[in-house]
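Quick note on labels: first sequence line is chain A, next is B, and so on, each numbered from 1.
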Amino acid sequence: MSTTRRKPYPFSDFEPKWQQHWDHAQTFHTPNPGEPDFDPARPKYYVLDMFPYPSGSGLHVGHPEGYTATDIIGRYKRMRGFNVLHPMGWDSFGLPAEQYAIKTGQHPAVTTAQNIAYFKGQLQRLGFAYDWQREVNTTDPGYFRWTQWIFLQLYNSWFNPSSNRAEPIETYSGSDADSARLAYVSEAPVNWCQALGTVLANEEVIDGKSEVGGHPVERRPMRQWMLRITAFAQRLIDELDGLDWPEGIRLLQKNWIGRSEGTEVHFAVADSAEKITVFTTRPDTLYGATYMVLAPEHAIVDRLVTEEQWPAVREYREKTARKSDLDRTELAKEKSGVWTGAFALNPVNGERIPIWIADYVLPGYGTGAIMAVPAHDERDWEFARKFALPIREVVATAPRVSIGNKAACNTEPLECFSGEGFAVNSGPLDGLSTADAKADITARLKAQGLGKKCVNYKLRDWLFSRQRYWGEPFPIVWEDGKHRALSAAELPLTPPELADFKPTGTGEPPLAKATDWLRYSDKATRETNTMPQWAGSCWYYLRYCDTKNAGRFVGTDAESYWMGGGQPGGVDLYVGGTEHAVLHLLYARFWHKVLHDLGHVSTPEPFQRLVNQGLILGEDGQKMSKSRGNVVNPDDVIAEYGADALRGYLMFMGPLEAVKPWSMAGVEGIARFLARVWRLVMEEQQDGTFALGAVSAETEPDKAQFRVIHASIKKVTADIETLSFNTALSQLMVFTNAFVNVSPRPLSAVRTLLTLLQPFAPHISEELWKNLAQRFGSAGELCDAAWPQWDERFLIEDEMEIVLQVNGKVRDKIIVPKDATREAVEALARSSAKIVEWTAGKEIKKVIVVPGKLVNLVVA
RNA sequence: GCCGGUGUGGUGAAAUGGCAGACACAACGGACUUAAAAUCCGUUGGCGCGAAAGCGCCGUGCGGGUUCGAGUCCCGCCACCGGUACCA
């Protein structure tokens with residue numbers, strides 16, 4: 001990038017100046033209720049960014065895209081008289097800092113502090129109106145003591161199914177409270193990543209590989225802390241309804257939670273007292289169940305397998321256990337399994353069907369056992385074909401009279417049909433539609449105690465512990481093999497000092513190396529797992545409301561003011577990337593609901609309105625990445641074109657939600673526009689400096705000028721409300737272009753332009769506003785000015801252009817007075833020479849008059 | 001496979017069912033300049049007719065439909081991007 005390029009306006013002089021001014025004057029500090037400068041008469045607006053992980057490589061242009069959008073909204077709402085909460089902070093626990101520490105020996109806290117300083121500098125150079133007094137940092141003990149405190153709330157509560165709420169554990173009347181807690185210990189198989197030396201949540205495993213780093217992940221049984229998010233599955237679905245979220249994200253969350261309605265059916269095991277329960281969404285196909293499959297891990301397998309089959313079963317189970325998730329995915333095409341030697345009895349007809357184990361049945365979903373209906377399920381079909389198991393058609397596309405003939409029943413279908421239709425070969429169900437058959441058979445099973453309706457969710461409980469150093473330690477100690485919570489007074493529990501942050505490789509967390517720290521008392525030792533990175537981001541939006549509070553995670557007055565407001569969600573606008581659709585956004589909602597149930601927060605949902613900014617691609621149309629060399633660094637853009645131009649371009653390049661490619665030429669276009677605004681006010685001197693121009697004057701705008709001014713106020717206001725910043729900027733360009741060649745140039749027009757421009761390009765507009773004060777008197781600071789109002793009277797034109805169409809094709813245009821009647825407009829249309837020509841010799845069958853718009857004549 | 005999203009000039013994109021391409025970028029032409037940059041003015045969807053003013057036809061991924069009128073609504077396809085996958 002050339003450094004000799006002449007700057008079209010001196011942004012490098014005044015942009016840092018204003019940034020320092022805002023910092024020194026604390027212009028954007030927002031007081032809390034009860035503080036001296038707080039004005040309770042104003043409504044509140046809480047606009048939130050997804051806070052960044054301060055990585056070593058600094059911001060990329062995707063960050064300021066969303067941040068600029070919220071900054072515009074925040075500055076705009078402020079001018080509209082709202083108390084605006086617009087904070088920023090750091091999601092700073094996490095793997096990269098720890099891995100850097102392992103490599104260099106430098107403590108993660110040191111690199112984290114350096115990265116934060118770098119990020120903060122970058123954000124400040126963009127002129128964002130954050131209240132930096134509310135900065136939060138998830139690795140700050142003053143912050144994570146409350147993350148730990150919230151964990152204690154989870155630990156000390158349970159989900160009461162009858163009230164459908166989280167309640168204090170004291171209200172639990174069962175015998176084993178530990179089994180009911182929302183935070184509990186489980187021995188279940190988990191996703192273990194050898195390369196990272198830690199376990200991962202389901203959400204962090206993609207295609208059998210770790211989301212971070214892409215390392216292989218395998219399943220291993222380990223003792224882990226879990227959070228009982230599944231108890232909230234239904235509420236997490238239902239309560240999306242009150243939120244103003246993109247439909248796509250709601251669907252992603254719903255699909256992730258994966259509610260499915262079906263029936264539980266109990267199968268007896270032949271020659272045994274054992275019983276196997278399966279879950280199916282197609283109970284109507286029960287007569288077509290020709291075998292049964294258990295997950296290899298299913299506990300009952302041990303009690304079923306026959307002597308002869310044991311070697312094969314043992315070998316298959318071991319193979320399955322060794323398989324990583326990646327292998328399972330790769331081998332998904334080919335079905336595998338082993339017969340246990342046992343048979344189950346189909347409850348509807350007493351038929352003996354073989355019981356198999358196969359890894360296509362997952363241990364964690366439903367009951368870990370299925371009835372296999374190969375004629376009507378693709379997976380069962382494949383499996384049955386491979387192992388030559390019988391296939392019986394029980395659903396047909398049209399109702400069919402059952403022949404009741406055994407030979408006919410055994411005719412195998414030629415392909416799998418998994419759709420809905422009508423029951424056949426199904427005894428009493430024959431002829432019923434799939435929906436009716438489901439209801440009928442479920443009622444029959446229920447009456448005989450052989451099954452019942454039930455609901456299943458794909459969502460699993462949240463694996464909450466990590467074998468890492470750089471995370472929040474659990475406020476838990478162990479004594480005699482039992483866990484117990486620290487008291488809130490013992491928080492924060494800070495991580496120990498360590499020289500070696502490496503994972504042990506055995507699954508034993510690195511904190512175990514700190515022997516002094518580990519010892520809690522003569523008998524008790526500390527939990528050595530740490531919390532996942534998601535913990536800190538689950539509640540940071542609450543801490544922003546009251547960052548300095550040392551006595552509570554958030555003060556009740558501050559919380560109810562900033563998070564209140566009569567909507568389900570407390571944050572008025574939340575902007576961030578789609579990548580958090582099922583992770584952060586689901587976890588945060590879960591924690592929020594627990595806190596709400598326990599009476600700690602005032603709303604059931606955290607985020608009312610959610611907007612996802614679209615990805616910014618490189619100039620080559622590809623995803624930005626270091627290896628492609630197409631990454632754009634905002635610092636370079638600011639050095640070349642200024643912060644206002646970068647902000648403006650980010651908003652002008654297209655709709656906020658759209659994926660769009662970067663274009664340096666586009667930045668230049670915005671810079672040219674801003675330079676044109678600059679020259680509306682300033683004139684270049686002989687020596688190359690700028691001074692206030694002479695053309696601005698306190699003259700009245702004329703009628704046409706008034707129309708541009710008020711049309712612009714109207715459009716820019718409406719566009720900001722709908723986050724259509726690209727079209728708002730177009731209108732500001734139209735506004736500017738309309739006054740470029742005007743002399744004398746009405747001061748009121750220029751001031752209105754600067755006011756509308758302020759949220760987008762705060763530095764240049766503030767500077768010009770101040771310069772105008774040299775001659776015309778001070779009007780205070782622009783960011784404090786009131787947002788202008790438009791007056792419809794200025795928008796009404798005396799005359800209107802009417803489009804004349806014949807059969808929907810434009811043939812002429814006429815000018816009519818604004819108050820012309822329908823009849824008058826039609827008469828004028830009919831008398832137009834071109835219309836006469838186009839309709840000559842034809843019958844006019846119909847005339848459509850759209851007032852103020854067009855006349856359409858329909859001819860034969 | 002399934003679930004989302006997107007298809008409009010050379011490019012980024014605009015268009016409450018009512019003049020398709022606002023606003024920009026790029027390109028080209030002109031003014032200013034010794035020259036260049038910057039700036040300002042103009043042209044710019046395609047095809048055809050015309051010396052010109054202008055006129056006509058076609059045009060929003062493809063095929064149907066609804067409507068006086070469709071980029072916009074409905075049905076059926078195609079392509080690309082993103083997510084997700086043995087969830088019974």
Side-chain angles (χ1 to χ4, degrees), chain A residues 4-8 206-207 246-252 254-256 258-260 262-263 278-282 285 293 295 328-329 331-333 335 358-362 364-373 376-380 382-383 418 456-460 578-579 581-582 614-615 617 621 623 649 652-655 657-670 672-673 675-676 679 684 724 726-734 736-737 740-741 801-813 834 845-850 852-859:
Chain A
T4 53
R5 199 176 146 282
R6 196 173 160 282
K7 293 180 171 51
I206 303 198
D207 286 339
E247 199 49 42
I249 299 293
R250 300 154 72 103
L251 272 167
L252 273 171
K254 282 187 186 172
N255 292 343
W256 187 265
R259 177 193 163 96
S260 75
T263 303
V278 304
F279 171 73
T280 177
T281 55
R282 291 297 298 270
T285 63
V293 188
R328 279 205 188 190
T329 314
L331 296 171
K333 278 149 201 105
K335 290 280 181 292
D359 64 2
Y360 83 91
V361 174
L362 307 174
Y365 182 75
T367 61
I370 62 158
M371 62 176 209
V373 184
H376 305 290
D377 181 283
E378 294 283 353
R379 298 151 297 184
D380 298 345
E382 273 177 49
F383 192 84
S418 56
N456 252 298
Y457 300 92
K458 277 197 237 178
L459 185 69
R460 312 295 158 84
T578 338
E579 66 272 22
V582 287
L615 199 64
L617 304 174
K623 216 167 179 169
Y649 174 64
F652 186 64
M653 56 198 300
E657 295 95 329
V659 178
K660 40 207 180 283
W662 180 265
S663 154
M664 217 41 115
V667 186
E668 215 164 308
I670 289 290
R672 269 206 284 270
F673 157 64
R676 230 165 23 244
R679 290 192 307 268
E684 188 162 13
S724 306
N726 54 332
T727 49
L729 275 162
S730 306
Q731 186 61 41
L732 289 170
M733 290 174 184
V734 171
T736 304
N737 294 345
V740 163
N741 290 324
E801 190 184 62
I802 301 289
V803 171
L804 304 185
Q805 299 180 332
V806 176
N807 285 351
K809 284 194 196 302
V810 180
R811 295 304 180 189
D812 199 8
K813 292 168 190 178
K834 291 208 181 115
K845 297 172 75 173
K846 197 171 174 184
V847 180
I848 286 113
V849 180
V850 182
K853 285 255 163 77
L854 59 76
V855 178
N856 187 13
L857 292 97
V858 184
V859 299

Exercise. Ignoring the backbone of Q805(A), work out which of rG12(B), rC19(B), rC86(B) is nearest its side chain.
Key: rC19(B)
Quiz item: With a 4.0 Å cut-off on heavy atoms, is F652(A) in touch with a base, just the backbone sugar-phosphate, or nothing at all?
Solution: base
Practice problem: Have a look at V803(A) and say if it touches a base, only the backbone sugar-phosphate, or nothing, with a 4.0 Å heavy-atom cut-off. | Solution: base
Exercise. Compare the minimum distances between each of rA14(B), rC25(B), rA88(B) and the side chain of P655(A), then state the nucleotide with the smallest one.
Key: rA14(B)
Quiz item: To the side chain of K660(A), which of rA88(B), rA13(B), rG18(B) is closest?
Solution: rA13(B)
Quiz item: When you compare rG46(B) with rU11(B), how far apart are their P atoms, in angstrom units rounded to a whole number?
Solution: 12 Å
Quiz item: Can you find a side chain N or O atom of R672(A) that sits less than 4.0 Å from OP1 or OP2 on rA26(B)?
Solution: yes
Practice problem: Among rC58(B), rA13(B), rG18(B), find the nucleotide with the atom closest to the side chain of K809(A). | Solution: rC58(B)
Quiz prompt | Phosphate OP1/OP2 of rU67(B): any N856(A) side-chain N/O under 4.0 Å | solution = no
Self-check item: Touch class at under 4.0 angstrom, heavy-atom based, for K845(A) against every strand present
Solution: nothing
Self-check item: T727(A) side-chain proximity, nearest of rA14(B), rA88(B), rA24(B)
Solution: rA14(B)
Quiz item: Below 4.0 angstrom from OP1 or OP2 of rA24(B), is there any side-chain N or O of N737(A)?
Solution: yes
Self-check item: From rU39(B), rA24(B), rG69(B), nucleotide with atom closest to R676(A) side chain
Solution: rA24(B)
Quiz item: Heavy atoms under 4.0 Å, any strand shown: does K834(A) hit a base, just sugar-phosphate, or nothing?
Solution: sugar-phosphate
Quiz item: Counting any heavy atom closer than 4.0 Å, what does E801(A) reach on the DNA or RNA strands: base, sugar-phosphate only, or nothing?
Solution: base
Quiz item: Base, sugar-phosphate, or nothing for V734(A), non-hydrogen atoms under 4.0 angstrom?
Solution: sugar-phosphate
Quiz item: Distance-only, no hydrogens or angles: does the R282(A) side chain make a donor-acceptor pair with backbone N or O of S418(A) under 3.5 Å?
Solution: yes
Self-check item: Counter-base of rC80(B), judged by Watson-Crick or G-U geometry with both distances under 3.5 Å
Solution: rG5(B)
Quiz item: S730(A) side chain: which of rA24(B), rA22(B), rC57(B) is closest?
Solution: rA22(B)
